[in-house]
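Note sheet for the following structure.
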2 protein chains.
Amino acid sequence: MATSSRLSRSSRSISSVEALRSGKADLSTAAPEFGRHSIAGVAEQAGVSVATVSRVLNGHDNVRPATRDRVLAAIKASGYRVNELARNLRTAESHLLLTMVPDIGNPFYAEILRGIDSVAHEHGYFMLLCDTGADLGRERSYFDLLRQHRADGAICLDPAAIHQALAEDSDTLPWVACCEFDTSVGVPYVGIDNYTAAGDAVRHLLARGHRRIGLINSADSYLYAQHRELGYLGALCAAGIAPDPRWRMTVTNLDYAAGGAAATALMQLADPPDAVFAVSDTLAIGVIAGLREAGWRVPDDIAVVGFDDISLAAQVDPPLTTIAQPMRELGETAARLLLQRLANPHASVPGVLLPHRLVVRKSA
Amino acid sequence: MATSSRLSRSSRSISSVEALRSGKADLSTAAPEFGRHSIAGVAEQAGVSVATVSRVLNGHDNVRPATRDRVLAAIKASGYRVNELARNLRTAESHLLLTMVPDIGNPFYAEILRGIDSVAHEHGYFMLLCDTGADLGRERSYFDLLRQHRADGAICLDPAAIHQALAEDSDTLPWVACCEFDTSVGVPYVGIDNYTAAGDAVRHLLARGHRRIGLINSADSYLYAQHRELGYLGALCAAGIAPDPRWRMTVTNLDYAAGGAAATALMQLADPPDAVFAVSDTLAIGVIAGLREAGWRVPDDIAVVGFDDISLAAQVDPPLTTIAQPMRELGETAARLLLQRLANPHASVPGVLLPHRLVVRKSA
DNA sequence: TTGAAAGCGCTAACAC
DNA sequence: GTGTTAGCGCTTTCAA
């Protein structure tokens with residue numbers, strides 16, 4: 001294929017471009033008759049029993065080298081692959097880890113997912129990813145995957161699930177919470193100290209001389225939103241400032257547009273803030289865009305602090321000052337907690353708080 | 001465990017953070033004993049045979065209503081859930097669709113993923129997401145999931161796989177290509193006409209009076225990169241312009257940083273371009289950031305056109321002019337093609353090209 | 001060291 | 001309409 005794919009590039013490309021234009025390339029597909037062999041076939045071919053093949057397959061050492069070689073040869077010759085479905089049924093595990101994320105599109109989750117994925121692979125697991133859209137119904141159906149034994153355990157990054165945890169049997173299921181968590185439920189979790197982190201953001205603003213500090217927050221049904229609001233309030237109070245309640249905006253979505261809309265609303269107040277703390281970088285980036293559109297300069301007219309430190313934060317204009325969460329580590333830890341719980345269902349699994357840090361750039 | 005996990009947070013967190021960081025948490029495997037009931041238990045409880053329970057479970061209509069009710073009651077009372085592992089073994093399908101994406105972090109893929117997910121769910125499938133990191137080895141191991149019957153089919157968004165397709169048996173496996181595809185291979189695909197799309201981008205720049213147009217492209221091992229380069233070249237030639245080869249930059253990564261670096265390099269030429277076409281929005285956003293850092297104004301000093309139209313494109317400063325791909329539809333179509341292929345392995349599945357469009361904003 | 005055989009939990013013939 | 005039963009492909013005692 002190396003050679004055939006290296007046919008004069010231009011000629012091939014052009015013809016294929018033409019084929020593409022028409023959009024009509026017909027692809028008569030051959031029958032995918034994959035995996036016809038079973039362990040019995042291999043056994044027969046190697047002149048041994050299925051038990052022996054199984055032993056070889058699983059690397060048991062009680063097989064004579066000569067026998068092993070014969071089996072290995074038969075496997076190779078037949079192109080045999082283990083049917084994991086059968087193996088899973090037998091061993092009662094799927095080696096799949098369910099990950100529920102509220103919004104795949106939010107770059108905040110991408111790095112967390114990578115962390116989960118890497119640890120999962122290290123331990124022979126695959127990640128079954130589900131976008132819940134923060135919808136309770138869908139979430140519930142995803143938990144069913146656990147009940148149906150289609151996944152061995154779950155990592156939930158989705159706030160909506162947490163509250164459900166108490167009400168249903170989901171607390172008997174093998175899952176852990178990541179980022180959004182309730183320490184008072186018996187579910188293992190990993191996250192950061194949202195209260196302190198939000199306080200850090202606000203204290204930074206305070207240190208820069210801002211006194212009129214707005215907050216753009218998620219609905220307080222989210223625990224992290226509650227904690228960040230408390231952190232915001234706490235820092236302000238400690239500085240002897242009574243925050244204007246009109247400066248607290250609630251959004252139902254963390255996307256760019258929501259940030260822009262909230263910022264616009266904020267600046268239309270008779271008495272607008274001179275700084276804003278948004279509880280997500282995506283929100284903050286939307287805020288900056290909205291502000292710019294309305295003719296305000298950041299940080300001169302109004303300072304902006306975000307939360308998360310997604311890779312984009314450094315790229316926008318002005319680069320975003322934000323609270324960094326250790327995203328990759330958050331994901332890795334969540335996966336380890338879950339694996340730990342699976343390995344030892346009766347042991348108590350700890351809750352973990354990871355450190356955050358303030359990253360000062362130009363927006364505040 | 002609820003109580004034992006309620007130990008003072010600080011002390012617990014610290015020790016566990018250390019254990020987890022080390023990655024050495026020991027994971028001796030024990031049997032997770034959830035879901036103790038089987039279909040036999042339900043049958044017994046309802047005073048019927050397992051076959052009848054199975055019939056009820058699968059909604060067959062040859063069951064007397066009274067019997068059905070009895071079974072349903074028994075199911076409810078026992079909290080029984082189907083063991084999908086067993087069902088899958090029996091029916092030889094997992095109802096899992098594998099999706100291979102080169103980089104979860106690239107927002108371009110997020111909307112495609114949503115499209116896939118929605119169609120998959122509509123048809124009772126779940127999406128098993130794998131980040132290949134554009135790595136051939138990992139990709140290969142993901143294809144193994146198909147061979148092992150752990151997934152029924154796959155959607156591959158990853159360039160690296162395409163070339164592999166010819167060389168290995170992967171062309172007998174049930175998969176489809178999305179976004180990156182080779183019309184000359186017998187694999188169903190969906191994508192856009194990259195040649196024309198790139199041409200449209202360049203013609204827009206031409207129409208705005210630019211003549212010195214640079215290109216920031218992926219390595220030409222990618223088919224889409226080849227086609228876009230051809231489109232770029234074609235449009236330039238048609239306008240009677242001989243493009244300076246030094247204005248063509250190749251990046252090995254589509255992230256923001258790569259765009260910034262390429263832009264910087266471009267502008268250090270003795271004779272820099274006055275416009276740049278980047279083959280990805282993430283790249284283009286990095287270009288803008290890099291340019292700004294170096295003191296260039298967009299679009300006054302240099303115009304920038306991107307590709308994809310991710311949601312962020314409208315948020316950056318200046319808002320990005322770009323080629324929009326119908327991302328959601330791309331994903332939906334890919335899923336449909338795959339489902340179609342699964343439903344009818346012998347039918348020929350078409351290749352599909354979806355329309356793109358130029359979105360003019362302020363960067364060019 | 002190897003084999004025979006019993007299931008894992010389910011579906012689908014095939015009987016009644 | 002309902003029950004009996006034979007597997008799906010594998011792992012794992014238990015014997016030999």
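Throughout, protein chains are lettered first and strands after them, A, B, ... in sequence-line order, and every chain is numbered starting at 1. What's counted below: heavy atoms across the whole structure, side chains too, no hydrogens, waters or symmetry copies.
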- Query: Is any NZ, NE, NH1 or NH2 atom of the basic residue among A:Arg138 and B:Asp117 found under 4.0 Å from an Asp or Glu carboxylate oxygen of the other?
  - Reply: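 A salt bridge links A:Arg138 with B:Asp117.
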- For the pair A:Asp103 and B:Arg114, find out whether any cationic side-chain nitrogen is under 4.0 Å from an anionic carboxylate oxygen.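 Answer for the salt bridge query: yes.
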- Message: Less than 4.0 angstrom between a side-chain N/O of A:Ser54 and OP1 or OP2 of D:dT11, yes or no?
- Response: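 Affirmative; the distance criterion is met.
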Tell me the interatomic distance from [X], atom [atom1], to [N], atom [atom2], rounded to whole angstroms.
| X | N | atom1 | atom2 | answer |
| --- | --- | --- | --- | --- |
| A:His37 | D:dC10 | NE2 | P | 12 Å |
| A:Glu93 | D:dT11 | CD | P | 12 Å |
| A:Leu57 | C:dT2 | CG | P | 15 Å |
| A:Ile39 | C:dA5 | CD1 | P | 17 Å |
| B:His60 | C:dA13 | NE2 | C1' | 12 Å |
| B:Asn58 | C:dG9 | CG | C1' | 13 Å |
| A:His149 | C:dC8 | NE2 | C1' | 11 Å |
| B:Asp69 | D:dG1 | CG | C1' | 15 Å |

- Query: With no hydrogens and no angle check, is any side-chain donor or acceptor of B:Asp152 less than 3.5 Å from a backbone partner on B:Ser94?
  - Reply: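 Looks like yes, one N/O pair under 3.5 Å.
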- Message: Main chain of B:Gln148, side chain of A:Arg81: is a donor-acceptor contact present, judged purely on distance under 3.5 Å?
- Response: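 Looks like no, no N/O pair under 3.5 Å.
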- Query: So what does A:Asn88 touch, heavy atoms closer than 4.0 Å: a base, only the sugar-phosphate, or nothing?
  - Reply: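 If one applies the 4.0 Å heavy-atom cut-off, A:Asn88 turns out to touch nothing in the nucleic acid.
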- Message: Please encode protein proximity along nucleotides 2-8 of chain D as a string of B, S and -, counting only heavy-atom distances under 4.0 Å.
- Response: BBBBBBB
- Identify which one of A:His121, A:Met127, A:Glu122, A:His123 satisfies the side-chain contact (heavy atoms from CB on, under 4.5 Å) criterion when paired with A:Tyr125.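 Result: among A:His121, A:Met127, A:Glu122, A:His123, A:His123 is the only option passing the side-chain contact (heavy atoms from CB on, under 4.5 Å) with A:Tyr125.
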- For the residue pair B:Tyr189 and B:Phe181, does the interplanar ring angle fall in the parallel (under 30°), tilted (30 to 60°) or perpendicular (over 60°) class?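 The rings of B:Tyr189 and B:Phe181 lie parallel, inter-plane angle below 30°.
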